[in-house]
Every structure is written in C-alpha cells, then in structure tokens.
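Notes follow the structure.
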Amino acid sequence: MKKQILHLMAIAIVLTFVSVKIYSQTNELQKKSKSLPEGDKFGISVSSAGDINGDGFFDVIAGANFNDAGGSNAGRAYIYFGGNTMNNVADVILTGASVNDFFGSSLSSAGDVNSDGYSDVIVGAIRNDAGGTDAGRAYIYFGGSVMNNIADVTLTGVAANDFFGYSVSESGDVNADGYSDVLVGAPNNDNAGTDAGRAYMYFGGAVMNNVADITLNGAAAGDNFGWSVSSASDVNGDGFFDIIIGAPGNDAGGSNAGRANVYFGGVLMDNISDIAFTGSASNDNFGWSVSSAGDVNGDSYSDVIIGAPNNSSAGANYGRAYVYFGGISMDNIADEFMSGSAVNDNFGYSVSSAGDINGDGYSDLIAGEIYNDAGGLDAGRVYVYINSMIGTDIPNITLTGEAAQTNLGFSVSSAGDVNGDGYNDMIAGAPGYSTGGTIRESIYILWWN
C-alpha cells in the first residue's frame with residue numbers, strides 16, 4: 001500500500017469538542033476528538049472498552065487523571081458507546097474517589113470477568129492512599145444494558161508508594177475457566193528490592209473477589225516491573241491466554257536497557273517467566289510499553305510488540321518498537337522492528353495491536369511518538385503499519401498532532417469495531433494542549449470509510 005501522511009485539519013469546534021475529518025488520496029479516515037477543560041489530561045490513557053452495553057458495537061474509554069470533579073486531581077474516566085452514528089457525548093462517567101487519586105491514569109477493557117455477556121472495564125488510581133500513601137488502587141466496573149458508575153470490585157495496593165494501578169489490562173482467560181481475568185502493575189513495589197516492581201493477576205468469576213491469585217515479581221531493585229502490562233493473547237498456541245509485563249529499568253542488557261517477560265497461561269499458571277526479551281543498549285527503556293500484536297504474519301500464533309522509546313540506534317532517543325512472532329517454541333529474537341523519525345521523538349512511547357483495520361486477515365499495528373515536531377514542538381505523531389511484516393518498517397499511515405505540545409500518541413489502542421462496519425478501528429490520545437489552549441486535550445477515533 002502506498003505510504004500516506006494524513007495531517008489533522010478542518011477543525012470545527014462544537015462547545016468544548018473538536019470534530020475533524022482527515023483525507024488521503026486513496027482512502028478516507030474519519031476522526032472524532034473529545035476535549036475537556038485545560039489541565040485535565042484527557043487522553044492520558046485510552047482503550048477499547050469492549051461491548052459493555054451489549055448493543056453489538058464496541059465502545060471506548062478514555063482517562064483524564066487530573067480532573068477535579070471528585071476533588072483536586074481525583075481524576076475521571078469517560079466511556080463512549082459505539083454506534084452507526086457514534087457521537088462525542090460521554091455515555092458513562094466514572095469519577096475518582098478522593099483528592100490526588102489520579103484515577104484514570106490507566107484503563108482497559110477487563111473482558112467479561114463475571115461472564116454475564118457484557119464487557120467490563122478496569123481503571124487505575126495510582127496515588128490512592130487506602131493501602132498507604134500512594135499505594136494505589138484499581139476499580140472494576142461491570143458492563144450491562146444500563147451500566148452504572150459504581151465500582152463492583154476494588155483492588156488495593158499493598159504498601160505505600162507502590163503506585164498499584166500504574167498499568168492495568170485485560171489478560172484474557174489465562175486459566176480457561178470461562179471467565180476473563182485482569183492484570184495490574186505496581187512498578188514501585190519494593191518486595192524484591194527498591195522499586196523492583198510487581199504485577200498481580202486476578203481471576204474472574206461469578207462472584208469475583210479482590211484477592212490476587214498470582215503475584216509476579218521484578219528481578220532486581222530499580223526494574224520497575226509492572227510499568228506496562230498486557231494480554232499477549234495465545235503466543236504458543238496451547239489454547240490458554242498468555243501475558244506480557246514490561247520492566248523498563250531492568251539492567252540485564254545495560255543500565256536501564258529494559259526487559260519484558262511473557263508468562264504462559266494454564267490451568268495451574270505459575271509466576272515463572274517463560275520468555276524474557278531484553279533491551280539492546282543502556283537507557284533504551286525497553287518494555288516501557290507492551291502489547292499483544294495480534295497475528296501479524298498469519299501463522300495462527302499471536303505475536304507481541306514492545307516499545308523502547310529511548311533507543312538511540314537510529315539517532316539519540318529516536319525510539320524503537322520490536323515485534324516478536326509467536327510460535328510453538330517462541331524465541332526472544334526480534335522478527336521486525338520500527339524506528340522513530342528524528343532525535344528525541346521517543347517513538348514507541350505507546351504501542352498496540354490495531355486489530356485488522358483493512359480486512360485482509362492480518363493484524364495491524366499502531367505506535368505513538370509523542371515528541372515529534374512535525375505539527376509543532378512536541379505535537380506528536382501516530383504511525384499505523386498495515387500488514388507490516390513484509391520486511392519493511394515504513395508506516396502506511398502517519399497522523400500528525402494538530403498543534404505544539406499536544407503529544408499525540410501518548411496513548412494508543414485498538415478500539416474494536418465502534419461503527420459496526422466489519423473493520424477494526426483505532427484510538428489515540430493527545431493529553432497535552434497547545435499554547436493558549438486553542439487545541440486542547442483530545443482523543444481521536446479513526447476508522448476506514
């Protein structure tokens with residue numbers, strides 16, 4: 001496919017919202033962005049919410065962790081229902097419990113943890129004090145035909161300064177019991193050493209509880225294990241979902257080179273890493289972002305993508321993202337990598353599967369580059385790779401931030417199929433705002449038309 005560079009343009013402001021269409025010569029992508037008052041950091045986190053109201057359309061969720069509705073910096077998360085004519089009015093609003101909770105710093109679909117037929121969501125509040133100062137919390141909200149904004153399960157960090165909830169994710173059904181499970185990172189946990197980090201797995205169930213079923217530990221002080229967590233889908237084809245956890249401060253490949261570990265699911269899943277991927281050089285911060293990549297090469301095994309935003313192989317802090325193909329005997333040698341475009345752009349700050357956005361049977365990829373200057377200083381960029389596993393790391397679609405300091409690409413995710421056209425859609429966050437606030441914190445939902 002011809003490389004396309006799509007600049008964000010044709011801005012029309014309605015109340016506090018922005019509605020934009022962007023065009024290319026060979027296809028059209030439509031974008032809707034949703035902005036809030038300056039300073040909320042709306043778009044700091046974005047994710048598909050699954051289909052939480054059971055109407056057949058995927059929904060999306062976005063965080064605003066500096067929002068003050070529940071108290072100064074209590075934070076908020078907003079859910080937008082998909083539909084044939086999706087709008088930019090939040091359908092469910094979730095609010096942090098207390099001052100400085102930073103609720104919405106992380107969020108994700110939780111899958112269907114109670115197996116009632118509706119997707120659920122999980123939201124992190126990294127500085128909640130219930131378990132100690134800045135111990136952190138994460139909240140699970142059950143979906144339903146009429147979803148409410150009252151947390152159904154509350155998960156709490158075990159010690160002060162753990163930052164439990166810094167990352168949260170659906171993990172799929174790792175033990176194949178018919179319930180989706182969830183994963184929560186606490187990158188400053190000190191159990192294995194100062195800031196070694198931890199991650200916790202909670203199994204879903206008809207009556208889900210808040211007791212961790214598996215505890216995963218960082219290897220050494222300063223690892224920040226749990227900085228990023230994600231389902232890896234099924235990388236080895238054994239029928240169980242697997243997980244991936246990033247530790248961007250790990251020193252195995254050099255000081256702060258970073259690491260990411262895959263753990264295979266199973267009926268009796270353990271906490272011993274099955275595959276370890278290691279950063280290539282000091283200060284790469286490999287594992288800053290991790291995600292399932294879907295099946296990018298069509299071999300029926302799920303693959304993974306890992307970001308190293310401070311990698312300098314192509315230039316100082318250009319950044320890189322690495323793709324590793326799954327297989328019955330998956331190895332830790334990168335099969336493909338993509339590099340940033342300029343010094344200090346920090347490509348790979350966020351990475352995700354985009355799903356199959358063009359219906360060719362292969363999963364596609366999306367990556368953020370938050371300090372790219374093409375649209376203005378630190379406007380940011382997002383790159384989409386369509387069936388990219390053909391020996392090239394050239395993006396097929398490039399989306400450029402609308403104004404300086406908007407940081408497009410701070411968060412990226414597949415959105416599922418929000419408009420019911422049979423193609424997966426994408427979502428990207430731009431939580432910064434331009435000088436003077438003329439372009440404010442936004443999220444962008446992108447789909448083929």
Side-chain angles (χ1 to χ4, degrees), residues 45-61 77 79 82 92 94 106-124 138-145 147-148 151-155 165 167-185 199-216 226 228-245 262-271 290-295 302 304 352-353 355 413-417 424:
S45 53
V46 297
S47 178
S48 169
D51 181 8
I52 61 176
N53 60 341
D55 64 354
F57 297 94
F58 276 73
D59 311 311
V60 298
I61 183 170
I79 296 173
V92 182
L94 313 172
S106 62
L107 43 74
S108 174
S109 169
D112 184 3
V113 297
N114 59 344
S115 196
D116 64 353
Y118 298 95
S119 293
D120 311 312
V121 296
I122 181 169
V123 182
Y139 301 85
I140 296 174
Y141 299 82
F142 295 161
S145 57
M147 183 184 182
N148 63 36
D152 294 282
V153 184
T154 300
L155 315 171
S167 54
V168 297
S169 179
E170 172 189 4
S171 55
D173 183 5
V174 298
N175 58 347
D177 64 353
Y179 298 93
S180 293
D181 310 311
V182 297
L183 190 60
V184 181
Y200 300 84
M201 174 80 67
Y202 299 83
F203 294 160
V207 183
M208 185 179 182
N209 63 36
N210 59 3
V211 179
D213 293 281
I214 302 176
T215 300
L216 313 158
S228 53
V229 299
S230 177
S231 170
S233 297
D234 183 6
V235 297
N236 61 342
D238 64 354
F240 296 93
F241 278 77
D242 310 310
I243 61 171
I244 182 168
I245 302 174
V262 167
Y263 300 80
F264 295 159
V267 173
L268 299 174
M269 184 181 179
D270 60 35
N271 62 359
V290 298
S291 178
S292 170
D295 182 7
S302 294
V304 296
S352 179
S353 169
S413 177
S414 169
D417 183 6
N424 276 9

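What you see below is based on every heavy atom in this structure, not just the backbone, and it leaves out hydrogens, waters and symmetry mates.
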message = Would you compute the distance between atom OG of S109 and atom CD1 of I122 and round it to the nearest 0.5 angstrom?
response = 10.0 Å
query = Between I243 and S171, what is the shortest heavy-atom contact and its length?
reply = CG2-CB, 3.6 Å
message = Could you report the tightest heavy-atom contact between L94 and N148, atom names first, then the distance?
response = CD2-O, 4.4 Å
key: Rounded distance (nearest 0.5 Å) linking atom OG of S230 with atom CG of D242   = 11.0 Å
request  = Would you give the length of the straight line joining atom CD1 of I52 to atom CG of D59, rounded to the nearest 0.5 angstrom?
outcome  = 5.0 Å
query = Can you name the nearest heavy-atom pair linking S353 to G355, along with the distance?
reply = OG-N, 2.9 Å
query = OG of S45 to CD1 of I61: how many Å apart, nearest 0.5 Å?
reply = 7.5 Å
task = Work out which heavy atom in A232 is nearest to a heavy atom in S302; give both atom names and the distance.
result = O-CB, 3.7 Å
request  = Decide yes or no for N236 and F264: does some side-chain heavy atom of the first lie under 4.5 Å from some side-chain heavy atom of the second?
outcome  = yes
ask   = Which residue, N271, V184, D181, forms the side-chain contact (heavy atoms from CB on, under 4.5 Å) with M201?
value = D181
task = May I ask you to test the N53-S145 pair for a side-chain heavy-atom distance under 4.5 Å?
result = no
key: From CA spacing to verdict: side-chain contact (heavy atoms from CB on, under 4.5 Å), V113, V182   = CA-CA 8 Å; V113 297; V182 297; 3.9 Å; yes
task = Run the numbers on D51 and Y118 for side-chain contact (heavy atoms from CB on, under 4.5 Å), then give the verdict.
result = CA-CA 6 Å; D51 181 8; Y118 298 95; over 6 Å; no
ask   = Does some side-chain heavy atom of N209 sit less than 4.5 Å from a side-chain heavy atom of V153?
value = no
message = Is any side-chain heavy atom of V121 closer than 4.5 Å to one of I140?
response = no
task = Evaluate the side-chain proximity of L107 to V123: yes if any heavy-atom separation is below 4.5 Å, no if none is.
result = yes
ask   = Is there a donor-acceptor contact under 3.5 Å from the side chain of S167 to the main chain of G226?
value = yes
inquiry  = For Y139, give me all partners under ring-ring contact (aromatic ring centres under 6.0 Å, His included), at least two apart in sequence or on another chain.
reply    = F103
request  = Heavy atoms only: give me the nearest F240-G266 pair and the separation to one decimal.
outcome  = CD2-CA, 3.6 Å
Gap between atom CZ of F203 and atom CG of D213 - 0.5 Å precision = 5.0 Å
message = The test is side-chain contact (heavy atoms from CB on, under 4.5 Å); show your working for M208 and N114 and say whether it passes.
response = CA-CA 7 Å; M208 185 179 182; N114 59 344; 5.9 Å; no
query = Between D173 (side chain) and S180 (backbone), is there a donor-acceptor pair under 3.5 Å?
reply = no
request  = Go through the steps for F142 and D152 under the test side-chain contact (heavy atoms from CB on, under 4.5 Å), then give the verdict.
outcome  = CA-CA 6 Å; F142 295 161; D152 294 282; 3.4 Å; yes
task = Indicate the atoms forming the closest heavy-atom contact of G117 with D112, along with that distance.
result = N-OD2, 2.8 Å
note = Rounded to the nearest 0.5 angstrom, the CD-CG distance for E170 and D120 is 9.5 Å
